[in-house]
Asks: 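My questions will all concern the structure given below.
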Amino acid sequence: MKSSRQSLSAPPAGFLWLLMGTILMLFSNGRWIVPFATWLYPVFFLRFMRMQKPLRGFVFLVAASALANMIMWWKIIPVPLSAYFMITGIIMQVFCVCFLADRVLATRISRGFLSTLMFPLLWCSLEYLSSFNSAKATWTSLAYTQGDNLPLLQLVSVTGIWGISFLITWFASVVNWAWSQNFQWNKVRNGAITFAGIAAVIFLFGTLRINFFQTRSSSVLTASIVQARNINTNLKTCKWTDSRAIGKFSNDIENNLLEKTQQAARAGAKMVLWQECAGTIPNDKEEEFIQRATAIAAEEKIYLLMTLWLVPSDFPKHLVENKMVIINPQGNVQSVYIKNNPVPGAEPIVKGATPMPMLETSYGKIAAAICYDGDFSNFIRNAGKNKTEIMFLPANDWKEIDPIHTRMAITRAVENGCSLVHPAGQGLSVATDNRGRIISSMDYYTTDEQIMYAATPAQNTYTIYAQVGDAFAWLCIAAFILLVGWIIFGKYFTAKDLNMKDVHKKIKSQLAGKVLK
């Protein structure tokens, strides 16, 4: 029996682990990412749940998770306050079910190492299924928190982001499994070696992929143009759907973009891309603006990917168009693309219905999409399937999503084996190779520069993900269902087998008795 002194000095069962998990969760995703916190916070949440009755622990865990989500996603999710607290305080707590499943189901697999798979399988299943929600896409995936870890990031070329999320959550489950056995080496040795071996292979694969198996490729000088600070300041004085107010600044906007385009071309750039919504103008000025742009493209012999935010005078009867116009060096419009995936609740725009453009150019095969399109991994996978060499993905960000949104774009490039050119208005602009290595970068918040130059490799490298897509996520779903089925029905079949063995023993003993007689 514990002494009163011991009971007073000891913390409430498991609540210290809940507190530690909550603090670490604040830095596991969202605004203030500390990559190792992403690996550690689930360890303490799992430990907490193992020390509680399921329902009681789940209620406390949901409350802690809701508090952390409401803080860590602040100003990242662009919705009204009522919707924000609904999303972060209630909807996002679906992932708490993973911890409950570990507590209720995994514990039924005795202390075997197989039990460590319950948590990561369900987590990845939910991550993948929730990515079909157009309001969320893949935003909350744990994989993006490891965007600076290039050896690990190479895993997405095989499994997509789901493989990284699986490894992170499996690590937490393995540590918790070892903890439940007091880290006794003779009991956890085989499991620890298994996990460490698989993790080592993944990091070795990533290291080799970055440093070897890379053929030489030609490169093209690209220029990424973001909007000038003074113009951004002017635009903030009016609504983005107010055609008349925007029209006051349209001449300055057009002149600045065309001047910077010509400057980039004369500096040697062969492909010029503007940030998303760079040409924010009334829609009745579109034709004239495109004519001016085509004239410059023809004069300078460049490919120009111009981005427009076209506001109708009768909004909201007619919606805004967020589009990209691709002009070739002959001054001809080769493609017009309207953003396929508007941000729900934040973009009152026409939803595009055409596939993203993929064009053969004299500098290689290119593809293009716009901002939020890039948050849907399966949508961008079309670029990988078509062996795109350079992916153009302009964005228009804000401070709170800098740099996580850029990491998401880099991840798409590694998944599909193509280089990336990503000008981000009010964010982090980058150009990378097909391994995710940054060739050039420009942060809106640390420089007044408007043009980012990059010698961008024109090369596609084969990736398994581009061919098989989200097969790993579907395997996780199937494996989870099988594991749950084994837990539920396994004992029944085991008991039935035992009964049959008893029957066989009785029959044998009876036959033996008759023989002796």
Side-chain angles (χ1 to χ4, degrees), residues 8-77 79 81-107 116 118-120 122-124 126-127 130 136 138-147 164-180 183 400-401 404:
L8 287 172
S9 62
F15 281 88
L16 175 61
W17 311 132
L18 180 65
L19 176 62
M20 290 182 67
T22 305
I23 293 171
L24 286 167
M25 185 179 174
L26 291 171
F27 303 98
S28 67
N29 211 334
R31 289 186 63 172
W32 308 283
I33 295 173
V34 179
F36 76 84
T38 312
W39 296 77
L40 291 180
Y41 95 87
V43 174
F44 295 106
F45 277 0
L46 285 168
R47 185 62 179 168
F48 168 75
M49 283 296 293
R50 288 290 182 97
M51 299 177 71
Q52 307 296 319
K53 291 182 177 180
L55 182 59
R56 180 174 184 265
F58 184 66
V59 169
F60 279 106
L61 187 69
V62 166
S65 176
L67 177 63
N69 276 319
M70 285 187 283
I71 296 171
M72 61 199 269
W73 295 102
W74 181 248
K75 292 190 176 181
I76 287 184
I77 303 175
V79 294
L81 278 181
S82 57
Y84 175 79
F85 289 115
M86 173 70 71
I87 293 168
T88 57
I90 298 177
I91 296 175
M92 282 188 175
Q93 276 41 266
V94 66
F95 287 97
C96 290
V97 173
C98 302
F99 298 96
L100 180 63
D102 176 82
R103 173 65 180 84
V104 174
L105 297 175
T107 51
T116 64
M118 177 65 67
F119 180 66
L122 181 54
W123 187 286
C124 288
L126 290 178
E127 254 199 17
S130 65
K136 175 184 174 293
T138 57
W139 259 92
T140 58
S141 174
L142 300 181
Y144 298 128
T145 67
Q146 310 300 305
I164 295 180
S165 293
F166 181 90
L167 188 67
I168 292 170
T169 48
W170 192 25
F171 168 81
S173 189
V174 169
V175 172
N176 186 63
W177 168 76
W179 195 343
S180 68
F183 297 102
E400 287 75 19
I401 64 171
I404 188 172

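In this text the structure is predicted, and so the values were computed from the model without any measurement. For the numbers below, each heavy atom of this structure counts, side chains included, while hydrogens, waters and symmetry mates do not.
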Asks: Are the side chains of I77 and I87 in contact, using a 4.5 Å heavy-atom criterion?
Replies: yes
Asks: How far apart are the closest heavy atoms of V94 and L126, and which atoms are they?
Replies: O-CD1, 3.8 Å
Asks: For the atom pair CG (L46) and OG (S180), what is the distance rounded to the nearest 0.5 Å?
Replies: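 L46 CG to S180 OG: 10.5 Å, rounded to 0.5 Å.
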Asks: Got a sec, which residues hit side chain to side chain contact (heavy atoms under 4.5 Å, CB included) with I90, two or more places apart in sequence or on another chain?
Replies: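 Expected list: M86.
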Asks: Less than 4.5 Å apart, side chain to side chain, heavy atoms only: is that true for L40 and F27?
Replies: no
Asks: Which pairs with one or both residues in residues 81-103 pass salt bridge (Lys or Arg N to Asp or Glu O under 4.0 Å), sequence neighbours excluded?
Replies: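 Sorted pair list: R50-D102.
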Asks: Going by the rule ring pair (Phe, Tyr, Trp, His ring centres under 6.0 Å), which residues pair with Y84 if we only count those two or more places apart in sequence or in a different chain?
Replies: W74
Asks: Residues two or more places apart in sequence or in another chain: which of them pass side chain to side chain contact (heavy atoms under 4.5 Å, CB included) with A83?
Replies: V79, P80
Asks: Can you pull out every side-chain hydrogen bond (donor to acceptor under 3.5 Å, both in side chains) where at least one residue sits in residues 39-48? Sequence neighbours excluded, please.
Replies: W39-Q146
Asks: Show, in sequence, the C-alpha distance, side-chain angles and deciding distance for F44 and L18, and conclude whether the side chain to side chain contact (heavy atoms under 4.5 Å, CB included) test is met.
Replies: CA-CA 6 Å; F44 295 106; L18 180 65; over 6 Å; no
Asks: With sequence neighbours excluded, tell me which residues meet ring pair (Phe, Tyr, Trp, His ring centres under 6.0 Å) with F119.
Replies: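 Ring pair (Phe, Tyr, Trp, His ring centres under 6.0 Å) list for F119, sorted by chain: F99, W123.
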Asks: Supply the atom-to-atom distance M70 CE to L26 CG, rounded to the nearest 0.5 angstrom.
Replies: 11.0 Å
Asks: Could you tell me the separation between the OG1 atom of T88 and the CD1 atom of I71, rounded to the nearest 0.5 Å?
Replies: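 Result: 10.0 Å between the selected atoms.
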Asks: Is there any side-chain hydrogen bond (donor to acceptor under 3.5 Å, both in side chains) pair reaching into residues 20-38, and which pairs are they, with sequence neighbours excluded?
Replies: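 Passing the test, one end in residues 20-38: T38-T145.
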Asks: At their closest point, which heavy atom of T138 faces which heavy atom of Y144, and how far apart are they?
Replies: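 Scanning both residues, the minimum pair turns out to be OG1-OH, 2.6 Å.
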Asks: Could you work out, with side chain to side chain contact (heavy atoms under 4.5 Å, CB included) as the rule, every residue matching T140, not counting sequence neighbours?
Replies: W73, M92, F95, K136
Asks: In chain order, what residues pass the side-chain hydrogen bond (donor to acceptor under 3.5 Å, both in side chains) check against T116, with sequence neighbours excluded?
Replies: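 Partners of T116 under the side-chain hydrogen bond (donor to acceptor under 3.5 Å, both in side chains) test: W170.
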Asks: Pairs under 3.5 angstrom only: tabulate donor-acceptor contacts from the side chains of residues 60-68 to other protein residues two or more places apart or in another chain.
Replies:
unit_1, atom_1, unit_2, atom_2, d
S65, OG, N69, ND2, 3.4
S65, OG, Q93, OE1, 2.9

Asks: Please say which of F58, W179, F15, W17 ends up in a ring-ring contact (aromatic ring centres under 6.0 Å, His included) with F48.
Replies: F15
Asks: Tell me every residue that passes side-chain hydrogen bond (donor to acceptor under 3.5 Å, both in side chains) with S141, counting only those two or more places apart in sequence or in another chain.
Replies: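 Per chain and number, S141 pairs via side-chain hydrogen bond (donor to acceptor under 3.5 Å, both in side chains) with E127, S165.
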